[in-house]
2 protein chains.
Amino acid sequence: MVSGKSDQELKELSLRTGNACVGFNLRRTTRLLQRLYDEAFEPLGLKGTQFSLLMAVAGNKGATIGELAQPLGMERSTLSRNITVMQKKGLVIVEEGKDRRQQKISITGQGLSVLQDALSLWERVQERLIRELGEERIKNLLADLQSLSQWIKET
Amino acid sequence: MVSGKSDQELKELSLRTGNACVGFNLRRTTRLLQRLYDEAFEPLGLKGTQFSLLMAVAGNKGATIGELAQPLGMERSTLSRNITVMQKKGLVIVEEGKDRRQQKISITGQGLSVLQDALSLWERVQERLIRELGEERIKNLLADLQSLSQWIKET
DNA sequence: CCATAATATAAGTATATACACATATTAACT
DNA sequence: AGTTAATATGTGTATATACTTATATTATGG
């Protein structure tokens, strides 16, 4: 029973649950880390999310919204809106396919140029993270995150 | 140089960077996992984020926005808006403190009742995660996330 | 070939998030 | 005490996110 607990007992329950909850810890760390990336890419007027998306577009020339959304683990409607932002910035271009329902996304010349600069900023962040946590823990962390993603997709 | 690369080379670079990027992997897993929690809490009209916030409020009776934001690793302005949502749902109550700049947040009776039900739904998700990844990996994952959060806060 | 089903995307609505700035209140210094 | 500093929160603006619903296009079954 939650409602019968004293303030002190609630405090302990709250701490215990917060420490154990994978969702809470993932969200909190993601929030905090996102700020590091955003700071790093700020000179390019880019957010961390946009860097990832630009990289995904670059590596999947002419892919549709649906094809991109899959590996990103993102709703197509979300991706659609994110692509619009990138398009306004001139980083990607959207073209109709033969199947006129589909929108084929590609990176622009300007997008490639920004990506080039962003990549070296990304490397600096990556190196800081490796220096801080160590290569082994980063590797394990990435593997765990990927296992988790894979499992959820299959569920 | 990014701009001189072939489509195939860009594809490889994109895959390699995506696999190595802590930010991307954290965001993707968080997105996917969030849906599991949202499904679980859906019968209560609650989101995963709101469960975490409700639990934090319950464990810190009368805390201010600023005091809550700190351990949540959240901007105070963000928390302020999230609290408004919870207030509209009748789950928390906001009162002026002696220092009238401050807003003291507490959980309501209805909030406690919802929290009670939410807690058992949360436990089911937690058990599924432990069954899937194993207790050891979950423990390591949580420890890594907490180290990372701690470091970023100190940076 | 036409009606219907399936598919791809966008738009409506709501929450989560952060930064910059505005506002109100308290503290601190002279 | 009065002016200025610092502090706590809320608002404006923009992006990220997802669910539901609408729209347009293609495929399918008769």
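Remember, it's a predicted structure, so these values are computed and weren't measured experimentally. The basis for the numbers below is simple: all heavy atoms, side chains too, and nothing from hydrogens, waters or symmetry mates. Lettering follows sequence order; numbering is per chain, from 1.
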Starting at SG of Cys21(A), measure out to CZ of Arg27(A) and round the result to the nearest 0.5 Å. 6.5 Å
Closest to side chain of Met74(A), choosing from dA10(C), dA16(C), dA18(D): dA18(D)
Side-chain H-bond candidate by donor/acceptor type, Arg137(A) with Asn140(A), under 3.5 Å: no
Is a donor on one side and an acceptor on the other found under 3.5 Å between the side chain of Tyr37(A) and the backbone of Thr49(A)? no
Same cluster or not: Ile130(A) versus Trp151(B), using hydrophobic residues (I, L, V, M, F, W, Y) connected whenever any side-chain heavy atoms lie under 4.5 Å apart? yes
I need the residues from residues 23-43 of chain B with at least one non-hydrogen atom less than 4.0 Å from DNA chain C; give them sorted by number, or say none. none
Under-3.5 Å donor-acceptor pair between Arg100(A) side chain and dT25(D) base: no
Mapping Arg81(A) and Lys88(B) to their closest nucleotides on DNA chain C, which lands nearer the 5' end? Arg81(A)
Please determine whether a side-chain nitrogen or oxygen atom of Ser80(B) lies at a distance below 4.0 Å from atom OP1 or OP2 of dG10(D). yes
If you measure from CG on Leu26(A) to CG on Leu32(B), what distance do you get to the nearest 0.5 Å? 10.5 Å
Glycosidic class, syn or anti, of dA18(D) using a 90° window around 0: anti
Return the 5'-most residue of the pair Lys89(B), Thr78(B) with respect to DNA chain C, ranking by each residue's nearest nucleotide. Lys89(B)
Does Arg101(B) get its side chain close enough to the base of dT9(D), under 3.5 Å, for a donor-acceptor pair? no
Any strand, both distances under 3.5 Å, Watson-Crick or G-U wobble: dT26(C) pairs with none
Under a 3.5 Å limit on both distances, the Watson-Crick or wobble mate of dA18(C) is dT13(D)
Please tell me if Gln50(A) has a side-chain N or O lying less than 4.0 Å from either OP1 or OP2 of dA16(D). yes
Can you tell me if Ser77(A) touches the phosphate of dA18(D), counting only side-chain N or O atoms and a distance under 4.0 Å to OP1 or OP2? no
Looking at Asn82(A), does any N or O in its side chain come under 4.0 Å of the phosphate oxygens OP1/OP2 on dT17(D)? yes
Taking all atoms of both residues into account, what is the closest heavy-atom pair of Leu121(B) and Leu44(B), and its distance? CD1-CD1, 3.7 Å
